[in-house]
> 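Take this structure, written in structure tokens, and hold onto it; I'll ask about it next.
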Amino acid sequence: MQIIRSIAELRAWRKTAGRVAFVPTMGNLHEGHLALVAEAHKHAEQIVVSIFVNRLQFGQGEDFGAYPRTFDADCDKLRAGGVAVLFFPDERELYPRIKQEFNVEPPHIQNELCGAFRPGHFRGVATVVCKLFNIVQADVACFGKKDFQQLHVIRAMVDDLNMPIDIVPVDTGRAEDGLALSSRNGYLSAEERAEAPRLYRHLSAMAEALHAGDSQYAALEKAAIDDLNAHGWRVDYIEIRQADTLEVAHAGEARLVVLAAARLGRTRLIDNIEVTR
Ligand code: PAF
């Protein structure tokens, strides 16, 4: 695996590469990321993975400084995963003027769900992903469905700005007890880790109820929020939305997604389940 740190070098490599699939990450790689790499292999001969902890998408008081940086272990996993190139730029390479003057401004959805609790987050994600797409010039990019709102924003960006890249969504990787795999799970204490699957259990129960035809969305959301709060969580939101647009869902909607973000101690967990009925 080649480790490339400069945009110029990556561009030179890209000229000689055939079909390329891209997996952008912030490192601290787990099975969920490796599933993205495995999916990427189905779409191209050459896989590029990026590791870049993007300051632009972290708000004041968030975990930018503490975000786990595990470069050597990440490299081992990517080599074993048959990755051709790891793109590992430093901040000066991606943000040479320090302040990013031009940004990709997502539509109103950036201020809802996670965006309501993380102002500017999706602008930061869209901007860095746009830059990475421009640099890597891949044919395909793989994104996990765990970050459902992020996936939605990126698909909308690619559609609206006519970016020549196909976005491939990949199912959420889960631990045996249902907890969605996330780099932030490492922040959980042993006690919190035992409690964490409660979130998935609620989402599953809500998905089952929706599947059975329940359209009392507000009541379903409230029951889950109340129970989590009673077990020591601080729920940011649990919402049932239209799966394809992320707009507010109306009774009888066929394609839904139940989305949640909730804090357990210092760890903010997100998860979601899609429902088609
Ligand atoms: O999902 C992530 O890890 C990040 O948001 C991404 C897409 C790599 C952009 O920094």
Side-chain angles (χ1 to χ4, degrees), residues 4 7 10 20-37 39-40 47-59 62-71 73-74 77-78 81 83 85-91 93-95 100 103-106 109-110 113-115 117-136 138 140-158 161 163 165-173 180-187 246 259 261 267-272:
I4 297 184
I7 295 170
L10 190 74
V20 167
F22 177 42
V23 179
T25 81
M26 297 203 300
N28 193 228
L29 304 179
H30 50 66
E31 287 299 322
H33 295 110
L34 301 181
L36 298 180
V37 171
E39 180 66 33
I47 312 303
V48 177
V49 172
S50 63
I51 295 181
F52 182 69
V53 184
N54 175 41
R55 188 189 291 271
L56 224 56
Q57 69 191 72
F58 288 80
E62 290 189 354
D63 56 344
F64 174 74
Y67 200 84
R69 285 142 172 104
T70 52
F71 181 72
D74 291 348
K77 290 174 187 163
L78 295 176
V83 167
V85 168
L86 167 59
F87 181 47
F88 184 57
D90 66 15
E91 280 202 290
E93 186 68 12
L94 274 203
Y95 298 122
Q100 177 73 15
N103 287 280
V104 179
E105 198 65 44
I109 197 68
Q110 72 161 320
L113 302 165
C114 279
F117 298 87
R118 305 187 70 189
H121 170 70
F122 289 108
R123 181 193 308 118
V125 169
T127 300
V128 80
V129 170
C130 174
K131 285 165 75 80
L132 290 167
F133 282 0
N134 285 337
I135 294 164
V136 177
V140 174
C142 298
F143 287 86
K145 287 190 185 179
K146 196 203 73 156
D147 297 294
F148 199 87
Q149 190 175 4
Q150 167 172 286
L151 173 64
H152 174 84
V153 165
I154 287 162
R155 281 171 140 169
M157 174 182 80
V158 164
L161 301 180
M163 295 181 168
I165 188 164
D166 292 328
I167 302 301
V168 176
V170 179
D171 286 342
T172 304
L181 300 180
S182 163
S183 298
R184 290 189 169 100
N185 291 352
Y187 297 155
L246 278 191
L259 303 125
T267 312
R268 184 174 188 273
L269 298 174
I270 62 171
D271 202 353
N272 66 82

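Not measured: the values here are computed from a predicted model. Note that ligands are numbered from 1 as they come in the structure, with each ligand's atoms numbered from 1 the same way. Counting begins at 1 with the first residue of the sequence.
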> Is it true that a side-chain atom of E39 and a backbone atom of L36 form a donor plus acceptor pair closer than 3.5 Å?
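Checking the backbone N and O of L36 against the side chain of E39, no donor-acceptor pair under 3.5 Å is found.
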> Given that the side chain starts at C-beta and the backbone is N, CA, C, O, which of these parts of L132 lies under 4.0 Å from ligand 1, counting heavy atoms, or is it both or neither?
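It is neither; nothing of L132 touches ligand 1.
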> For ligand 1, which atoms have a heavy atom of Q57 less than 4.0 angstrom away?
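Contacts of ligand 1 toward Q57, numbered from 1: 4 (C), 5 (O), 9 (C), 10 (O).
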> Which of the numbered atoms in ligand 1 are below 4.0 angstrom from a heavy atom of T25?
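It comes down to these atoms of ligand 1: 8 (C).
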> In terms of atom number and element, which parts of ligand 1 are under 4.0 angstrom from non-hydrogen atoms of V128?
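Listed by number with element, the hits are 9 (C), 10 (O).
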> Is a side-chain donor or acceptor of K146 paired with a backbone partner of N272 at a separation under 3.5 angstrom?
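Absent.
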> Near Q150, which atoms of ligand 1 are under 4.0 Å from a heavy atom of that residue?
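Heavy-atom distances to Q150 below 4.0 Å select 1 (O), 2 (C), 4 (C), 5 (O), 7 (C).
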> What residues form a side-chain hydrogen bond (donor to acceptor under 3.5 Å, both in side chains) with D63, not counting sequence neighbours?
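In terms of side-chain hydrogen bond (donor to acceptor under 3.5 Å, both in side chains), with neighbours along the sequence ignored, D63 is linked to R184, Y187.
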> State, without any angle test, whether N103 and Q100 hold a side-chain donor-acceptor pair at a distance under 3.5 Å.
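N103 vs Q100: no donor-acceptor pair found between side chains.
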> Quick one: salt bridge (charged side-chain N to carboxylate O under 4.0 Å, His left out) pairs with a partner in residues 23-32, sequence neighbours left out?
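Applying salt bridge (charged side-chain N to carboxylate O under 4.0 Å, His left out) to every pair that reaches into residues 23-32, excluding sequence neighbours, yields nothing.
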